[in-house]
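I'd like to ask you about the structure that follows.
So you know, we letter chains A, B, ... as the sequences are listed, proteins then strands, and number each from 1.
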Number of protein chains: 2
Amino acid sequence: MDDHQQVRRRDSSASRAALLDAAAELFAERGYDRTTVRDIAGRAGVNQALLFRYFGSKEALYAAVVARAGRDKLAEVPPNELFAQLLRGILDRQAGQDHSSQIMLRSSAEDVSVKAIGQELGQDYIRALSVLTDAPEADLRAHLVLAWIVGIDLMRADGGLSPLASANPEQVVACVLPAVRTLLERIKDISPE
Amino acid sequence: MDDHQQVRRRDSSASRAALLDAAAELFAERGYDRTTVRDIAGRAGVNQALLFRYFGSKEALYAAVVARAGRDKLAEVPPNELFAQLLRGILDRQAGQDHSSQIMLRSSAEDVSVKAIGQELGQDYIRALSVLTDAPEADLRAHLVLAWIVGIDLMRADGGLSPLASANPEQVVACVLPAVRTLLERIKDISPE
DNA sequence: ATCGGATGTAAGCAGTTGCTTACAAACATC
DNA sequence: GATGTTTGTAAGCAACTGCTTACATCCGAT
């Protein structure tokens, strides 16, 4: 037991990963409430009892998913590109292998205890966005920007007939960005283009 | 039986009205999914079996609520004041005896069949808003405006710590309106002030 | 070879959901 | 007052929820 002290036997970590992946997809698609543990285990190809063995509860699984999803993007994307990046991540349905946005956004509508988990991540986004303006109510303005993304995601996801779902993403971005610049005035730049 | 052919006996119409009122409140507060028929009947002070006798199903009750809520406001508020009016209706928690906005907005996040009910009303709002701009993508821009209201409502309702819940409504309106004007350019006026 | 813990599975429990049914009470009409 | 419809009530059903338990099975260590 010098180098590998733990060799996977029947691959518990693969089961955990499968559960995390399936949960990330489903939470992003349907939100927390409308996703059942049977759905998750089913998509993961894993017995549902393992979900509870490895994560303890559906809520703890959700926390793990949010933690894993939030880590990456926020650390890598510079604040002035964050908004455009988030928006594109939402608009590009298949291009967005990155569920992190939806997971956080969908959490807004859920349980009291659950929403706190997602909101912690939301707070980080808020902080990143609020540095873009020197207006006195920077925090409020950052919240408004995030609220817009939440709303766009919801209407895009539900209203199949909405132009938000069918329109060219870049056209949407072109509409939204000027308005957001109005919100976050005296700003370096929001869009990299 | 010359004038009143139907005199209320044990007041079935009062029960119907109580159910409609209670349902309107609860759907606005929690959305469709998280509102149970027992909750509705309980708040209405009515046996839950009556809910099904009078409305057939929870979904049909929802349709009745949406229909009643949507009729009024849209007909009375002129388009150029519609956005500010909607926004204020959301921000003023107690001032807003008018649940119509929330009911429609909350419906966005719900069931497939249920969302269609709320979206019919949403379409009317879209049409009213899209006349405010002469941009080619007027429809898209109107959807974006409505999406913003949806997002603000969601974040305000869930994040008790959000400044959207605590800030002075007029301050929020002052932040948002200029940005919306950027969206709906070449426009008469959005705010009456 | 065997023991013990790690991994996977089937079955079920208690609670909640929307909804139904069987029945009692109140009213209008005769 | 008798009759039949309308209004209200209690109980329960079938399905689903998150979660638990009892039990096979595999595998590394001794």
| Lys58(B) side chain vs Tyr32(B) backbone, donor-acceptor pair below 3.5 Å |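 At least one qualifying donor-acceptor pair exists.
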
| request: Check side-chain hydrogen bond (donor to acceptor under 3.5 Å, both in side chains) between Glu137(A) and all other residues, then give those that pass, not counting sequence neighbours. | output: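 For Glu137(A), the residues satisfying side-chain hydrogen bond (donor to acceptor under 3.5 Å, both in side chains) (neighbours in sequence not counted) are Arg141(A).
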
| query | Residues in salt bridge (Lys or Arg N to Asp or Glu O under 4.0 Å) with Arg43(A), at least two apart? | reply |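 In terms of salt bridge (Lys or Arg N to Asp or Glu O under 4.0 Å), with neighbours along the sequence ignored, Arg43(A) is linked to Glu25(A), Glu29(A).
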
| request: Return the set of residues passing side chain to side chain contact (heavy atoms under 4.5 Å, CB included) with Ser130(B) (not counting sequence neighbours), or none when no residue passes. | output: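 In terms of side chain to side chain contact (heavy atoms under 4.5 Å, CB included), with neighbours along the sequence ignored, Ser130(B) is linked to Ala138(B), Ala142(B).
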
| Side-chain donor/acceptor of Trp148(B) to backbone N/O of Leu144(A), under 3.5 Å |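 Present.
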
| For the student: nearest non-hydrogen atoms of Leu164(A) and Arg156(A), plus distance |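 Nearest pair, atom of Leu164(A) first, then Arg156(A): O-CG, 3.2 Å.
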
For nucleotides 15-18 of chain D, tabulate all protein N/O to nucleotide N/O atom pairs closer than 3.5 Å, reporting atom names and distance.
from	atom 1	to	atom 2	distance (Å)
dG18(D)	OP1	Thr35(A)	O	3.3
dG18(D)	OP1	Lys58(A)	NZ	2.9
dG18(D)	OP2	Val37(A)	N	3.1
dG18(D)	N7	Arg38(A)	NH1	3.0
dG18(D)	O6	Arg38(A)	NH2	3.0

Taking only N/O atoms, report every protein-nucleotides 21-25 of chain D pair under 3.5 Å with atom names and distance.
from	atom 1	to	atom 2	distance (Å)
dT25(D)	O2	Arg10(A)	NH2	3.2

Output a table of donor-acceptor pairs, distance under 3.5 Å, between side-chain atoms of residues 35-42 of chain B and any protein atom two or more places apart or on a different chain; print 'none' if there are none.
from	atom 1	to	atom 2	distance (Å)
Thr35(B)	OG1	Leu26(B)	O	3.3
Thr35(B)	OG1	Gly31(B)	O	2.7
Thr36(B)	OG1	Arg38(B)	N	3.4
Thr36(B)	OG1	Asp39(B)	N	2.9
Thr36(B)	OG1	Asp39(B)	OD1	3.4
Thr36(B)	OG1	Asp39(B)	OD2	3.1
Asp39(B)	OD2	Arg30(B)	NH1	2.8
Asp39(B)	OD2	Thr36(B)	N	3.4

| request: Could you pull out all residues at least two apart from Thr182(B) that satisfy side-chain hydrogen bond (donor to acceptor under 3.5 Å, both in side chains)? | output: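 Here the qualifying residues are Thr182(A).
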
| task | May I have the distance from Leu50(A) (atom CG) to dT9(C) (atom C1'), rounded to whole angstrom? | result |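 It is 8 Å, rounded to the nearest whole Å.
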
| request: Please state how far atom CG in Leu26(B) lies from atom P in dG18(C), giving the value in whole angstrom units. | output: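 Checked: the CG to P distance equals 12 Å.
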
| query | Taking CG from Leu51(A) and P from dT9(C), how many angstroms apart are they, rounded to a whole number? | reply |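 Atom CG in Leu51(A) sits about 14 Å away from atom P in dT9(C).
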
| Could you state the CG-P distance from Leu19(B) to dT7(D), rounded to the nearest angstrom? |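 Between P of dT7(D) and CG of Leu19(B): 13 Å.
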
| query | Does Phe55(B) reach the side chain of Leu50(B), with side-chain heavy atoms less than 4.5 Å apart? | reply |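 They are not in contact (no side-chain heavy atoms under 4.5 Å apart), so the answer is no.
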
| task | Check the distance between dT20(C)'s P and Phe55(B)'s CZ and give it to me in whole angstrom. | result |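 Value for this atom pair: 15 Å.
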
| request: Quickly work out the Arg16(A) CZ to dT7(C) C1' distance and round it to whole Å. | output: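 Whole-Å distance recorded here is 12 Å.
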
| query | Under 4.0 Å between a side-chain N or O of Ser12(B) and OP1 or OP2 of dT6(D)? | reply |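 For dT6(D), OP1/OP2 do not have a side-chain N/O of Ser12(B) under 4.0 Å.
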
| message | Please report the distance, rounded to the nearest Å, between CG in Asn47(B) and C1' in dT6(D). | response |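 The distance from CG of Asn47(B) to C1' of dT6(D) comes to 15 Å, rounded to the nearest Å.
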
| message | Could you tell me how far apart Phe27(B) (CZ) and dG18(C) (C1') are, to the nearest whole angstrom? | response |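 Computing the Phe27(B):CZ to dG18(C):C1' distance gives 12 Å.
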
| request: Could you check whether Tyr54(B) gets within reach of a base, just the sugar-phosphate, or nothing at all, counting any heavy atom under 4.0 Å? | output: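 Answer is sugar-phosphate: Tyr54(B) comes under 4.0 Å of backbone atoms only.
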
